[in-house]
Amino acid sequence: MKDALRTLAGCPVWAESLEIQQETVRAFHRRCASILGGSCGLRPLEERLLLSERNLFSTLFIAAAKSLGLSDAKVRFYAMVNQCIRALVTGCDNLLDDEYKEVIPFDLPGDGTRFRSVLMVMTADRVLSELAAKMMHEGRFSLAQANRLMRTAVRVLMPSGLEEHEEESGAARTVPTPEAICDDVHYRKTGLLFEAPLSLIEEMGDAYAGQTRCAREALSGLGLACQALDDIKDIARDLQRGQHNAVVSYAYYGESTAERDLLLSFLRPGAGALPSPEHVAAGLITARSRTFAHAVQLFDEAETMLCTAIPGFEKEHAVALTGAIRGTLGFDPDPVWRHAAKQEILV
């Protein structure tokens with residue numbers, strides 16, 4: 001991943017966008033500390049939270065916003081809005097997935113995580129509200145614009161939450177086709193989230209759909225690719241929780257009778273012993289390979305669109321970005337990636 005990050009650092013538009021994101025993270029930390037006051041302290045901001053690999057997507061969103069010709073002030077404003085959305089999404093994901101990823105470093109005793117996630121959502125929402133109020137106070141926003149910002153932030157996040165709700169409510173008892181997984185389930189769960197920063201800029205009247213179309217498609221494609229890789233990692237967990245998973249879909253509708261039978265022994269148990277989700281996941285080799293190949297195709301398409309959408313972002317930078325993203329997800333960013341995908345071998 002180090003080579004990929006060095007290549008990205010050599011791209012002027014990336015370096016400028018990363019600097020804005022780092023300033024945004026610092027300012028967001030200060031805003032959170034001010035809002036919480038003495039009720040809950042924050043740990044000092046660690047330098048590792050400013051690293052490029054910790055801010056790949058946020059930096060990319062800023063680069064995409066810069067490509068729209070927005071003023072520097074507008075770019076920085078939307079960078080802060082996106083940081084708020086990042087915290088909102090992470091806090092909700094933590095609660096839905098029973099995990100904890102940190103965006104706001106609360107200084108709380110003990111190792112409990114649920115309230116930290118709730119507090120993350122509460123704090124980020126308040127930062128966003130105060131940001132809108134500040135824009136009104138400075139005469140840069142009307143009341144209608146401030147209200148539109150808050151409502152739009154909810155609206156662009158809603159499809160992902162509704163998809164999660166459907167799965168929790170039992171929709172995953174059926175197995176969608178691989179096409180439906182990508183075009184509907186993954187698109188609502190993740191693709192739209194990656195589009196959200198540009199959707200919000202459109203909704204606020206600072207860009208129109210024709211300007212953002214290519215960048216939105218690239219960002220959405222990256223989101224879909226990342227979700228496919230997540231599905232490969234989470235087969236057993238998703239089987240256990242009854243959640244949609246691309247690998248499961250490829251196995252259910254694929255050509256391998258052995259893999260489909262293994263999957264059905266878990267989904268529709270008979271009189272015999274129920275196999276563990278880990279055992280089923282380990283046996284879905286062909287389905288994992290198909291999902292892996294699909295992710296690579298999505299990354300390839302996103303790379304091409306990013307080079308078109310963002311001036312100064314060349315093919316080498318796009319390839320480095322997707323390599324770094326795969327590295328953060330735990331997949332080898334080595335060039336063997338594409339060859340492996342063509343051979344449909346999971347590395």
Side-chain angles (χ1 to χ4, degrees), residues 1 4-5 7-8 14 52-61 63-64 86 89 93 97 159-160 163 176-199 213-235 238 243-250 284 287-310 313 315-347:
M1 189 193 298
L5 294 174
T7 299
L8 281 173
W14 182 268
S52 183
E53 56 264 40
R54 292 295 296 265
N55 294 278
L56 290 172
F57 298 122
S58 295
T59 302
L60 179 59
F61 298 150
R86 177 180 178 178
V89 170
D93 279 347
D97 296 337
S160 177
E163 197 288 321
T177 64
E179 293 76 19
I181 283 283
C182 183
D183 296 341
D184 180 43
V185 175
H186 283 183
Y187 180 63
R188 288 189 293 142
K189 178 184 287 188
T190 308
L192 283 173
L193 285 180
F194 276 63
E195 292 182 18
L198 296 184
S199 298
R213 180 186 59 80
C214 188
R216 283 180 60 166
E217 289 181 4
L219 294 174
S220 177
L222 283 177
L224 295 175
C226 291
Q227 187 60 57
L229 294 187
D230 275 343
D231 279 12
I232 292 173
K233 295 168 58 179
D234 295 339
I235 305 169
D238 289 346
Q243 294 180 307
H244 292 310
N245 185 287
V247 180
V248 171
S249 293
Y250 273 109
L284 304 184
R288 288 205 310 271
S289 298
R290 294 286 186 269
T291 307
F292 179 81
H294 177 62
V296 175
Q297 180 182 354
L298 289 167
F299 275 124
D300 284 345
E301 293 170 354
E303 288 169 5
T304 299
M305 287 186 286
L306 284 174
C307 295
T308 301
I310 303 176
F313 206 68
K315 183 67 173 179
E316 63 175 321
H317 306 131
V319 171
L321 173 63
T322 59
I325 290 171
R326 293 194 302 273
T328 63
L329 294 175
F331 287 79
D332 192 347
D334 189 271
V336 75
W337 165 268
R338 282 178 172 77
H339 174 72
K342 291 176 181 177
Q343 301 299 317
E344 294 186 346
I345 300 173
L346 181 64
V347 295

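Side chains are part of it too, since the values below use all heavy atoms of this structure and drop only hydrogens, waters and symmetry mates. Quick caveat, the model's predicted, so the values are computed rather than measured.
Taking all atoms of both residues into account, the shortest heavy-atom contact from Ala64 to Ala215 is CB-CB, 4.4 Å. Of all heavy-atom pairs between Ala228 and Thr291, the closest is O-CG2, 3.6 Å. What you find for Ala302 and Gly221 is that their closest heavy atoms are CB-C, 4.5 Å. The minimum heavy-atom distance linking Ala4 with Ala324 is given by the pair CB-N, 4.1 Å. Closest approach of Leu5 to Ser52, counting heavy atoms only: CD2-OG, 3.9 Å.
With rounding to the nearest 0.5 Å, the separation of CG in Leu321 from CZ in Phe57 is 7.5 Å. Once rounded to the nearest 0.5 Å, the distance linking CD of Gln243 with CD1 of Ile235 reads 13.5 Å. Distance check: Asn245 CG to Leu284 CG gives 9.0 Å after rounding to the nearest 0.5 Å. Here Met305 contributes atom CE and Glu217 contributes atom CD; the two are 5.5 Å apart, rounded to the nearest 0.5 Å. Between the CZ atom of Phe61 and the CG atom of Leu56 there is a distance of 10.5 Å, given to the nearest 0.5 Å. Here the SG-CG distance, from Cys226 to Asp231, works out to 11.5 Å after rounding to the nearest 0.5 Å.
Proximity of a side-chain donor or acceptor of Thr7 to a complementary backbone N or O of His317 within less than 3.5 Å is not detected. Judged purely by atom type and a 3.5 angstrom limit, Ser160 uses its side chain to pair as donor or acceptor with the backbone of Lys189. Side-chain N or O atoms of Lys233 include none that pairs as donor or acceptor with a backbone N or O of Phe331 at under 3.5 Å.
Scored by the side chain to side chain donor-acceptor pair (under 3.5 Å) test, Asp93 finds no partners at all (sequence neighbours excluded). Not counting sequence neighbours, the partners of Asp184 by the salt bridge (charged side-chain N to carboxylate O under 4.0 Å, His left out) test are Arg188.
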What's the verdict on side chain to side chain contact (heavy atoms under 4.5 Å, CB included) for Ile325 and Phe299, showing C-alpha distance, side-chain angles and the deciding distance?
CA-CA 10 Å; Ile325 290 171; Phe299 275 124; 4.3 Å; yes

Taking it one step at a time, do Leu306 and Leu222 satisfy side chain to side chain contact (heavy atoms under 4.5 Å, CB included)?
CA-CA 10 Å; Leu306 284 174; Leu222 283 177; 4.1 Å; yes

Output, in order, the C-alpha distance, side-chain angles, deciding distance and verdict of side chain to side chain contact (heavy atoms under 4.5 Å, CB included) for Glu195 and Leu192.
CA-CA 5 Å; Glu195 292 182 18; Leu192 283 173; 3.9 Å; yes

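Side-chain contact between Val247 and Asp234: absent, with no pair of heavy atoms (C-beta onward) separated by less than 4.5 Å. Contact check for Phe194 versus Arg216: no side-chain heavy atoms found under the 4.5 Å cut-off. Under the 4.5 Å side-chain criterion, counting only non-hydrogen atoms from C-beta, Thr59 is not in contact with Leu8. Residues His244 and Asp238 form no side-chain contact, since every pair of their non-hydrogen atoms from C-beta on lies 4.5 Å or further apart.
Figure legend: cation-pi geometry between Arg288 and Tyr250 absent, as NZ or CZ is not positioned both under 6.0 Å from the six-membered ring centre and within 45° of its axis.
When each of Thr304, Leu298, Val296 is paired with Asp300, the side-chain contact (heavy atoms from CB on, under 4.5 Å) condition holds for Val296 and for no other.
Thr322 and Glu303 share a donor-acceptor pair across their side chains, judged by distance under 3.5 Å alone. No hydrogens or angles considered: nothing links the side chains of Tyr187 and Gln227 as a donor-acceptor pair under 3.5 Å.
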